[in-house]
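The structure appears right after this line, and notes come after that.
Protein chains get the first letters and strands the later ones, always in sequence-line order, with residue 1 at the start of each. FYI, side chains are in, hydrogens and waters are out, and symmetry mates aren't considered; it's all heavy atoms of this structure.
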2 protein chains.
Amino acid sequence: MCGSFLARVVKRLIMATVTIRDVAREAGVSTATVSYVLNNSGRVSEQTRQRVLEAARRLGYRANITARNLQARETRLLGYTWRPTPPDQFNPVLDQFLNAIAQAAAHHDYRVLTFPSETIEEELATYEDMVLSSRVDGFILSNTNLDDPRVRKLSQKGFPFVAFGRANPEWDFPWVDIDGRWGVRKAVEHLIERGHERIACLAWPEDSLTGAYRLQGYVEAMKLAGLPVDAAWIARTENKHDDAYETTRRLLELPAARRPTAIMASSDLMAMGAMNAAHDMGVEVGRELALVGFDDAPVARYLRPPLSSLRQPIAEVGERLIVMLVDLCQGRPVSQQHVLLKPQLIIRASSDFRF
Amino acid sequence: MCGSFLARVVKRLIMATVTIRDVAREAGVSTATVSYVLNNSGRVSEQTRQRVLEAARRLGYRANITARNLQARETRLLGYTWRPTPPDQFNPVLDQFLNAIAQAAAHHDYRVLTFPSETIEEELATYEDMVLSSRVDGFILSNTNLDDPRVRKLSQKGFPFVAFGRANPEWDFPWVDIDGRWGVRKAVEHLIERGHERIACLAWPEDSLTGAYRLQGYVEAMKLAGLPVDAAWIARTENKHDDAYETTRRLLELPAARRPTAIMASSDLMAMGAMNAAHDMGVEVGRELALVGFDDAPVARYLRPPLSSLRQPIAEVGERLIVMLVDLCQGRPVSQQHVLLKPQLIIRASSDFRF
DNA sequence: TAGTCGCGGTTAAACGTTTAAGTCCGCGCC
DNA sequence: GGCGCGGACTTAAACGTTTAACCGCGACTA
């Protein structure tokens, strides 16, 4: 804490912070009375109540949050971290999500503290640190997966947290997630309804739970419609443009009888890869090939052709998460531990044509 | 603070938080000694030093941050807010910027507190609130402009803050900015070097300072090269895809002798609008029309053709801002009040051809 | 031998709140 | 008139740190 002495002196001089004691003196009462009035608890006569309120107003008094928090053994802070997006990818919902949780938190008088972590180990270490030093009252996780070490650790410690995303079904912890399975099923049904029968799915690697749900939706829709699924149509790749590009090339090089006429991509980024592959092979998306993405990234509507996609109700996700987390932090029972929200299919030119 | 009593009891039971007193008892010394050891200030014999360290380790002790902050009259928190991006736009650098500042802050043992604000009034009110209640030690502003009320208010209050972006030249406050003027000049020189003479500029409305600098770079480059500038080539629009689209259409409808063969757009979003307009008019970007954007959004490389753009050194901006702000918060003199960083021209197919 | 000094610790106050417990006073009741 | 009671306010402890001030003691100096 070197050098903090000078800083403190300076702060003292510059910022004449007014404390509860100043208000008490000004109103001619004790600090306790001031506190009671300001938290309108306790029995205070209307007359002194007004006197205190007036004094507080006159001095421009606001209770010091740190002091209040110390005494209340809380911080009114919620921690959120995410892995930085690699330069060749984009995170279409971070902006919205951060806004949603921060806004919802503010309604309950909480704030959101963001901290970076390059690796999962670093993230776990930071959790540990923040819990031990009482930096935050709870955490918001996102992008959870099977066997997620963060979920495991936090539930084992019994520290309040909520997750955007699911994990092992047998683990009981509060989460909100998008029903990707339902969404993809609806999207594929939309493709089938438009006349497609050979539909491929750009899926994520096997270790991705979110990817598994989305793929499941695809399989279900095909099965429900009685359409056969060629093994080659289920193409697993990383969530990368270039991988999706290559994979799509291979799909479009299949013999005519097996070649898909529609592709369901697990993300907009992958859909862009597919779009570019099709373009480079002279296949016109929106006429010869239908394409649907996932996320409804802001760019989706500006692509050529505009990309159909599944829009996630991010604002509601954030809102729900915060309500759960705040309940948890304040020791109230959480009404609904598991919430599954439906995405919305946005149909644009990339898939809006009869085949 | 209703209902907090139960929460506190529960917390007490669940989380057996270990305090400095526990460590003192365990090591058989006073709390002062523990504190001196842990902050390695003060003179403590090596022997007790070890005993204290050992005790702290054994109990898993971490100092409670709230208590420490209360005593130090600081919060170790830096506030950052941004206006939510409208759904039809995207914020290409938020992700990076947030990461950069949070990471840099962490190096100095600070954390970043994010809070939303829909309007500028709301933002100002929140600043006021946070200052009065000592919620944060300083603020990071972004997207500043001429007569920026936030800059005005905070510097008048004398509260520590730094800004990503400039404001009125006569105002003296610490900022870091990207030299958009230099960047655009380089980009336009690149276009000229490729053989273009009729170059248009998609500029922002007159009230945008950032837009003014970028436009200035364009004008300079043209002047330096001795090229005349047709008034129609300076096309001001909002930072919107659709506006840029319409404007580009009009540019391309100009008579052949006045029609631009290259367009410098003030953002990637506008460049996409231009790209789509050209495409719809049958003009091939990357062969008949050159195009350069600004920001180097993650999608830029995946567009057809890949979009040339000016990449901002966001990580460095964040790093510099935090160093300045931390100095400010700790009462140290700020070494360099104004920092102007150069963007990097990323040349891709949209402009990489001889005309 | 007395005074001084430095070492290695402790004591206690302070940071700004909240809140349980206590005090004082006037009033009504038996 | 004594007692209990409730209203209105105060006292003081507590939250968990940091740190200025103090203290005892042995060694060194004059």
Under 3.5 Å side-chain donor-acceptor pair for [X] and [Y]:
X      : Y      : result
A/T114 : B/T114 : no
B/T85  : A/D95  : yes
B/D177 : B/H338 : no
A/T81  : A/S117 : yes

So if I take every side-chain heavy atom of [X] and compare against [options], which nucleotide ends up nearest?
X     : options                : answer
A/Y36 : D/dT17, D/dA12, C/dA21 : C/dA21
A/Y61 : D/dA12, D/dT18, C/dT17 : C/dT17
A/A67 : D/dG16, C/dG16, D/dT19 : C/dG16
B/Q71 : D/dT17, C/dT10, D/dT11 : D/dT17
B/T31 : C/dT19, D/dT18, C/dG16 : D/dT18
A/T19 : C/dT17, D/dG16, D/dC9  : C/dT17
A/S35 : C/dG9, D/dT17, C/dT19  : C/dT19
B/N64 : D/dT17, D/dC15, C/dC15 : D/dT17
A/R43 : D/dA8, C/dG9, C/dT18   : D/dA8

Tell me: [atom1] of [X] to [atom2] of [N], nearest whole Å?
X      : N      : atom1 : atom2 : result
B/R76  : D/dT18 : CZ    : C1'   : 14 Å
B/R135 : C/dT17 : CZ    : P     : 14 Å
A/L38  : C/dT18 : CG    : P     : 8 Å
B/R21  : C/dA12 : CZ    : P     : 14 Å
A/R25  : D/dC9  : CZ    : C1'   : 19 Å
B/L132 : C/dT17 : CG    : P     : 12 Å
A/I20  : C/dT19 : CD1   : P     : 11 Å
A/Q47  : D/dC9  : CD    : C1'   : 13 Å

5'-most contact on DNA chain D (nearest-nucleotide basis), A/V29 vs B/A63, goes to A/V29

Is the phosphate of [N] approached by [X] (side-chain N or O, under 4.0 Å from OP1 or OP2)?
X     : N      : value
B/T33 : C/dT10 : yes
A/N39 : C/dT18 : yes
A/R73 : D/dC15 : no
B/T66 : D/dG16 : no
B/S45 : C/dC7  : no

Starting at the 5' end of DNA chain C, which residue's closest nucleotide do you reach first, B/E46 or B/L70?
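Counting from the 5' end, the first nearest nucleotide belongs to B/E46.
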
Parallel, tilted or perpendicular: ring planes of A/W171 versus A/F173, cut at 30 and 60 degrees
perpendicular

Indicate the ring-plane relationship of A/Y127 and A/F115, choosing parallel, tilted or perpendicular according to the 30° and 60° boundaries.
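Plane angle over 60°, so perpendicular.
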
Under 4.0 angstrom, heavy atoms only, what part of the nucleic acid is A/T48 near: base, sugar-phosphate, or nothing?
sugar-phosphate

